[in-house]
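Chain A is the first sequence line, chain B the second, and so forth, proteins listed ahead of strands; every chain is numbered from 1. All values reported here derive from a predicted model rather than from experimental measurement.
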There are 2 protein chains.
Amino acid sequence: MDGKRSSGGDPARSVALLWGSHTKAGRSGLTVRAIVETAIGIADAEGLDALSMRRVAERLGVGTMSLYTHVPGKIELTDLMIDTAYGQLYDDVDAPSSQPGGWREAMEFVAARNWDLYLRHPWMLQIVTARPVVGPNASLKYEAELRPLEGIGLSDIEMDSVLTLILTHVEGTARIRASLDQVQQSTGMSETEWWLVSAPALEKVMDASRFPVASRVGQAAGQAHNGATDPAHALDFGLARILDGVAALIAGR
Amino acid sequence: MDGKRSSGGDPARSVALLWGSHTKAGRSGLTVRAIVETAIGIADAEGLDALSMRRVAERLGVGTMSLYTHVPGKIELTDLMIDTAYGQLYDDVDAPSSQPGGWREAMEFVAARNWDLYLRHPWMLQIVTARPVVGPNASLKYEAELRPLEGIGLSDIEMDSVLTLILTHVEGTARIRASLDQVQQSTGMSETEWWLVSAPALEKVMDASRFPVASRVGQAAGQAHNGATDPAHALDFGLARILDGVAALIAGR
DNA sequence: ATCCCGTTCCGTACGATGTACCGTACACAG
DNA sequence: CTGTGTACGGTACATCGTACGGAACGGGAT
């Protein structure tokens with residue numbers, strides 16, 4: 001899968017599927033909800049690559065093709081998975097906006113929650129988020145995350161832009177973290193170990209004098225957070241700069 | 001492919017492959033370079049999903065398994081593709097740092113070049129950038145992009161953090177754009193058309209009063225750049241905030 | 001000239017995958 | 001009790017990456 005996103009074809013079908021109640025069960029007790037939750041369980045535990053229709057069906061004790069009675073295809077299934085995961089983000093719509101402190105603390109809260117979300121469900125990062133899935137939980141998420149930006153001196157468009165900026169930052173940084181985790185898991189080496197193994201081969205072939213700044217900075221960064229990159233630090237550093245920039249925009253009025 | 005990234009196994013092998021000269025050709029004239037360039041051509045034109053070992057071999061007029069004489073597997077091939085693409089970024093290492101204007105203009109130049117890169121090679125966004133591929137061109141890129149940040153009052157670690165922040169922003173925003181492009185291409189509908197088709201089904205099921213802020217802001221944003229999101233605007237807006245934040249960091253010393 | 005051996009090429013085959021197609025068997029309305 | 005719509009799922013197909021092992025070649029040693 002990965003880069004796929006045909007958008008299914010019929011938008012109305014997808015909308016109905018996302019917003020429907022999914023309670024009707026046939027004689028084998030199969031439900032859309034059960035399918036989605038099983039799929040999330042597999043993806044959480046073994047990654048998106050391990051998620052196949054056969055595996056889902058097997059785990060549900062059901063024939064593979066029975067899934068297609070409830071779900072049009074795998075793409076729509078992943079759409080449902082994403083919207084379901086969004087549902088776990090906030091207890092209620094006012095969670096971010098009722099955060100103590102101003103909009104800045106609220107946005108830090110939003111960033112932290114999204115960061116945690118991608119930690120729990122790394123597979124979300126692998127699903128190309130094409131034209132955002134407009135499910136009920138995604139809509140609630142958007143509403144919840146927008147509210148703290150109300151009435152602080154931003155236009156509607158700026159509110160949307162600021163939120164997009166923050167979420168893009170979190171997602172991108174989470175992607176870096178997820179990649180590091182995956183390499184670590186698949187090679188059995190920590191990042192530090194990996195560099196120790198690669199360094200000799202690299203030094204033999206790479207003339208450090210051609211990259212004076214890069215090698216100095218790379219060295220410094222590597223030592224500071226043992227491992228070439230520290231996603232947690234990147235998250236905080238970046239968010240601080242972004243929020244400073246937004247504050248400057250507001251103050252400049 | 002998509003979410004894969006086994007890191008191949010032997011790091012030394014990958015390093016040698018990336019930094020090697022790739023000039024030795026066998027009796028059929030097959031080269032690593034030719035394989036990589038053909039692969040890039042396919043991915044550029046038809047997307048990463050259309051890239052298969054069979055297609056590459058076919059286009060080269062060669063048996064599929066012959067590729068494996070020169071390249072260990074598909075994952076390593078994509079590593080080579082990425083480093084090759086990086087090679088097209090700057091004419092020389094000093095391109096960004098010799099930009100007229102200060103570090104700010106230089107970083108805008110860097111952002112614009114990366115933005116263009118992802119426009120030309122959208123498949124790069126689909127390849128999970130695990131433990132960054134340390135090829136020769138990637139190293140040059142890092143050096144080139146770091147140089148404009150020299151001597152402006154940032155520590156080594158901050159230099160790295162700032163660059164990471166900017167590149168993450170560009171990549172994330174490019175990902176949004178690529179997704180929109182792909183939906184547009186696969187459905188044959190422009191984004192505006194898509195929303196027009198989906199809106200009726202959505203309105204029937206979604207109670208706008210539950211999402212007061214979201215629907216107001218979404219409406220405003222949608223009208224401003226006809227289409228729910230305007231990646232180009234998001235790029236500029238975000239970059240401006242980020243650079244303001246960095247400027248504040250420097251000024252605060 | 002002959003042989004040998006290392007390398008390059010590639011045909012075949014295997015185990016995956018998503019899902020189209022179509023028969024079966026059940027639950028419920030009449 | 002019977003008729004019919006829906007849920008279920010077995011089989012099959014195209015596609016993928018690539019393991020395996022044989023064929024074909026080029027160049028060095030005899």
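Contact annotation: the side chain of B/W19 never approaches that of A/K204 to less than 4.5 Å [non-hydrogen atoms, C-beta and beyond]. Side-chain atoms of B/I166 and B/E145, non-hydrogen and from C-beta on, never get closer than 4.5 Å to each other.
The nearest whole Å value for the distance from the CD1 atom in A/I42 to the P atom in C/dG18 is 11 Å. The interatomic distance linking B/R55 (CZ) with D/dG17 (C1') rounds to 16 Å, in whole Å. Taking atom CD on B/E76 and atom P on D/dT18, their separation rounds to 8 Å, with Å as the unit. Taking atom OH of B/Y68 as the reference point, atom C1' of C/dT12 lies 15 Å away to the nearest angstrom. Rounded to a whole Å, the CZ atom of A/R54 is 16 Å from the C1' atom of D/dC8. Separating the CD1 atom of A/I35 from the C1' atom of D/dG9 is a distance of 13 Å, rounded to the nearest angstrom. Note: CG (B/D49) to C1' (C/dG18) measures 13 Å, nearest angstrom. Separating the CD1 atom of A/I75 from the P atom of C/dT17 is a distance of 17 Å, rounded to the nearest angstrom.
For C/dC10, the OP1/OP2 oxygens have no side-chain nitrogen or oxygen of B/T64 closer than 4.0 Å. Contact annotation: A/S52 side-chain N/O to C/dT17 OP1/OP2 distance is under 4.0 Å. The phosphate of C/dC10 (OP1 or OP2) has a side-chain N or O of B/S66 nearer than 4.0 angstrom.
With hydrogens and angles ignored, the 3.5 Å screen pairs no side-chain donor or acceptor of A/R175 with any backbone N or O of B/G172. At distances below 3.5 Å, not a single donor-acceptor pair connects side-chain atoms of B/H169 with backbone N or O atoms of A/H169.
The A/M53 side chain lies nearest to C/dG18 when the options are C/dG18, D/dG17, D/dC8. In this structure, of C/dC10, D/dG17, C/dC21, it is C/dC21 that holds the atom nearest to the side chain of A/M65. Looking at the side chain of B/K74, the nearest of the listed nucleotides D/dC20, D/dC16, C/dT17 is D/dC16.
Among the atoms of the strands shown, only primed sugar atoms or phosphate atoms (P, OP1, OP2) are found under 4.0 Å from some heavy atom of A/S28. Residue-level contact check: A/L51 touches the backbone only, with heavy atoms under 4.0 Å from sugar-phosphate atoms and none from bases.
Scanning atom types as modelled, no donor and acceptor separated by under 3.5 angstrom connect the side chain of A/R27 and the base of C/dA27.
A salt bridge does not link A/E58 with A/R54: none of the charged nitrogens is closer than 4.0 Å to a carboxylate oxygen.
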